[in-house]
Structure formats: C-alpha cells, structure tokens
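This report concerns only the one structure given below.
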2 protein chains.
Amino acid sequence: MAKLTTCIDLMDEGIDRVSQIIPTMPAVEARLCRLLLMVGEGIDQELAFKLKPYKLNHSEFLTLMILYSRPDGSSTPGELCEFATQGATNMTRIANALARRGLITRGASEADRRRVVIRITAAGRRFVKEMLPPMFPRIDTMFQSFSATDKRHLDRLLRKLAGNLDRLSEHSHP
Amino acid sequence: MAKLTTCIDLMDEGIDRVSQIIPTMPAVEARLCRLLLMVGEGIDQELAFKLKPYKLNHSEFLTLMILYSRPDGSSTPGELCEFATQGATNMTRIANALARRGLITRGASEADRRRVVIRITAAGRRFVKEMLPPMFPRIDTMFQSFSATDKRHLDRLLRKLAGNLDRLSEHSHP
DNA sequence: AGCGGATATTTCATCGGTGAAGTAAACATA
DNA sequence: TATGTTTACTTCACCGATGAAATATCCGCT
C-alpha cells in the first residue's frame, strides 16, 4: 500500500510540471483540490477498515447512524437518501441489507401508504453502541498534534468550501 | 440534489445527539472526519461533472494526468497503481480504455519483459491541453473568498492529517 | 543449466452504486 | 368521481472497482 505522503509529494511535482506547460492553471487551488481528494480517500479507507469486522459498508453505516441519531429512531427511504446523499436505488439495497440483519425494520406508513417507515431496532441500537467506541482511539490518532485552533480553522475552512461547492452545483446540475 | 450545507447542518445535530448518548465519543474530531468526507464527495462530484463531456472517469483522468506530468510521458501499470492509489486490476481496465481512444500506447519493456510500458501519445497531450483550461474557472470559484493565508492553512492542515493517516495505516494494514 | 520464490500483469467472479423504467398511491382539478 | 400529474419506492440492467487465481517472466542459489 502506497503511503499518502509519498503520493502527495509526487502530486506536488506533477502539478509543478503541468503548471509550467499550462501557466494559466490555478496551481495552488488545484493542489488543494487534489489534497482534499487524497485525504478524503485516506479517511474513507480508514473507515472501511474499521467497519470491515462488522461487515458494514460505508453507506450502510452512515444510514444506520442517521437512524440512531434521530430522536424517534425512524425515517423514510426518501429522507435517508437526502441526508446520506445516496440514490433511491441504493437506499433500497441498504435497507434490505440492514433489515436482513435485524438492525432495522420496514413498515408501511399509516398516513401515506406510498411511504415506507424505516426504524432502528433495539438490536440496531445495541449494535451501534458496541461498534462505535472501538473507533475512538483511531479517530483521536488522526488528529494528533492538532491544536484546538487547528481544528477550529479546519472546520471553518471546510464549511466555507462546502458553501462554495453548493453555489457551483446550483448553477450547473440543479 | 441535496445541498451540502444542509447535510452538514443535519450531521451537526446528529453528532450532538450521539455524543449525548455516548459521551466518550471524540465529537470534534468525528465531526471533522465527516466534514472532510462530505467535502471530498462534493469535489468528486464536481470533478465528475467536468469530466463527463470528455467521457472520462476520475481514475482515467488521474492516470492520464500522471502520464502527462512525467518528463518522458511514460510509466508502467505498477507504477501508475502506486501513484493513483489504484488496484492493478483496475489499472488494466483504465489502460484498455485510454488505449482504445488512442490517448496512450502500450508496449513491451525491453529491459524486463514482464513489464508493460505505457506512454501518452501526441493526441493524448493535445487532449489534456484542450480539456484542462475549461476547468479553471470552476476551480477558482471553489476557493472564492479564501485568502492566501486560508489556503496556506488548509494546505498545512491537510498534509498534517495525511501524515497521521499514514502512521495509522502502517500499524494496521501495512 | 535448472529449480524455487518473487514480481508484473491480466482474467474472472463478484460487489457496490447508478440511471431508466415500472408500480402504486396521493393529490389536484374539472 | 374521473383523470392527469406528482411523489415514493422498487426492479432491472449496466458500469466501475476489488480480491483471488492464472500466466509469464525474472532473479538468486545450487
């Protein structure tokens, strides 16, 4: 497995060379994009590694966590799609997978019979409560040597970036 | 399409509730992880959107860019796997796709006949030079209202995080 | 020279995710 | 109350990515 930092070094060289050939390129910004993508992938892999023993998928985990974090522990496929940024198709599969393991139940809505009500079960809550804590040490390690100010800055900058991305996608794929 | 910022708001609420139930959770750090993942996905989608008209994949684009940025414009599947953090299997497919479009060539290595030498073609170089500039305005927009200091900070913090991730994965999936 | 283990790449089976079409219920309105 | 439109979810067919096994070559050792 290639180290992230060596990939970053190579990326730096690559961007330097490309921006020599194409000087109009916004090199600093492009570099930040690539950095974000690479670090994002890194966290993804780390998360996948922690989820593997529980035979959970990233999207299954996220869906389960959304349900867990809701006051009433329930939602609908459509809502979950929104919050988890997933396609409806995929949510069907995710719900199938979680229901088969008894972590959630699927029932018909009384108010609107088109709707399906998804609810986390007691077993689902127990499962989350058991699988979450083992992740904590590794999350702490990820942010080792980050000062409180560092964390505040990172938080602020990422949110600002998110706002800009929203404005971008409004214009193009609305 | 759900806005990133509303997803982030919901995530904030979710983390608050979960950390009330499980107070040992490193809430600040977990939040940063989720933020990073969400912003990463956002950039991914933005990139995919820009690549679609050129019928390119994220990994195909990255591979092509690596070749473009090398002084001699050539590499091998194994090396490209490392730099692009891709499985060898997938690199075969990527090379097939790019070769079919005449953007790269595949030849046998003289020194080591197990190796395949992949080289970007003149058409490949022209293609990159043509497709890259239209992306620049959108990259600039992504970092609108980021001061030079903001960018420096973000760069520094992401690299530090990458270093920590490397140390994590060394211990576990080495 | 010849054998065993390591390395480089491809093939195959499978999984997770997506777009397009299908089904069913609700709503709006005439 | 009949009809057309919208909404909610599912099914189906396909694509991109991955792990395990197959193939071919190279390298070290005797």
Practice problem: Check step by step if side-chain contact (heavy atoms from CB on, under 4.5 Å) holds for A/Leu103 and A/Glu60. | Solution: CA-CA 11 Å; A/Leu103 302 174; A/Glu60 290 160 1; over 6 Å; no
Self-check item: A/Arg159/A/Asp155 under salt bridge (charged side-chain N to carboxylate O under 4.0 Å, His left out): CA gap, chis, key distance, verdict
Solution: CA-CA 6 Å; A/Arg159 283 173 202 267; A/Asp155 188 281; 2.6 Å; yes
Can you give me every donor-acceptor pair (side chain of residues 15-26 of chain B, partner residue at least two apart or in another chain, under 3.5 Å) with its distance?
unit_1: B/Asp16; atom_1: OD1; unit_2: B/Arg31; atom_2: NH2; d: 3.3
unit_1: B/Arg17; atom_1: NH1; unit_2: A/Ser69; atom_2: O; d: 2.7
unit_1: B/Arg17; atom_1: NH2; unit_2: B/Glu13; atom_2: OE1; d: 3.4
unit_1: B/Ser19; atom_1: OG; unit_2: B/Ile15; atom_2: O; d: 3.3
unit_1: B/Ser19; atom_1: OG; unit_2: B/Asp16; atom_2: O; d: 3.1

Could you give the side-chain donor-acceptor pairs of residues 93-102 of chain A under 3.5 Å, partners two or more places apart or in another chain?
unit_1: A/Arg93; atom_1: NE; unit_2: A/Asn90; atom_2: OD1; d: 3.2
unit_1: A/Arg93; atom_1: NH2; unit_2: A/Asn90; atom_2: OD1; d: 2.8
unit_1: A/Asn96; atom_1: OD1; unit_2: A/Arg106; atom_2: NH2; d: 2.1
unit_1: A/Asn96; atom_1: ND2; unit_2: A/Thr92; atom_2: O; d: 3.3
unit_1: A/Arg101; atom_1: NH1; unit_2: A/Tyr54; atom_2: O; d: 3.3
unit_1: A/Arg101; atom_1: NH1; unit_2: A/Lys55; atom_2: O; d: 2.8
unit_1: A/Arg101; atom_1: NH2; unit_2: A/Tyr54; atom_2: O; d: 3.0

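Residue B/Ile94 contributes atom CD1, which lies 14 Å from atom C1' of C/dT9 at whole-angstrom precision. What separates CE of B/Met91 from C1' of C/dT11 is a distance of 17 Å, to the nearest Å. A/Asp112 has its CG atom 12 Å from the P atom of C/dA28, to the nearest Å. Regarding A/Arg115, its CZ atom lies at a distance of 10 Å from the C1' atom of C/dA26, rounded to whole Å. Atom CD of A/Gln45 and atom P of D/dA17 are 14 Å apart (whole Å). In this structure, CG of A/Leu51 is placed 13 Å from P of C/dG16, rounded to the nearest angstrom. Rounded to a whole Å, the NE2 atom of A/His58 is 17 Å from the C1' atom of C/dC15. In this structure, A/Leu56 places its CG atom 15 Å from C1' of C/dC15, rounding to the nearest Å.
Atom CE in A/Met135 sits 10.0 Å away from atom SG in B/Cys33 (nearest 0.5 Å).
In this structure, B/Met11 and A/Ile66 have side chains that are not in contact, with every pair of non-hydrogen atoms separated by 4.5 Å or more.
Residue B/Arg113 has no polar side-chain atom (N or O) positioned under 4.0 Å from OP1 or OP2 of D/dA24.
Between B/Gly78 and A/Gln86, the residue anchored closer to the 5' end of DNA chain C is B/Gly78, taking for each the nucleotide with the nearest heavy atom. Place A/Lys52 and A/Val117 on DNA chain D by their nearest nucleotides, and A/Val117 ends up nearer the 5' end.
No side-chain donor-acceptor contact under 3.5 Å links A/Thr85 to the backbone of A/Cys81.
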Between protein and nucleic acid, restricted to nucleotides 11-16 of chain D and to nitrogen or oxygen atoms under 3.5 Å apart, what atom pairs and distances do you find?
unit_1: D/dT11; atom_1: O4; unit_2: A/Thr89; atom_2: OG1; d: 3.4

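The base of C/dT7 lies close enough to the side chain of B/Arg114 for a donor and an acceptor atom to sit less than 3.5 Å apart.
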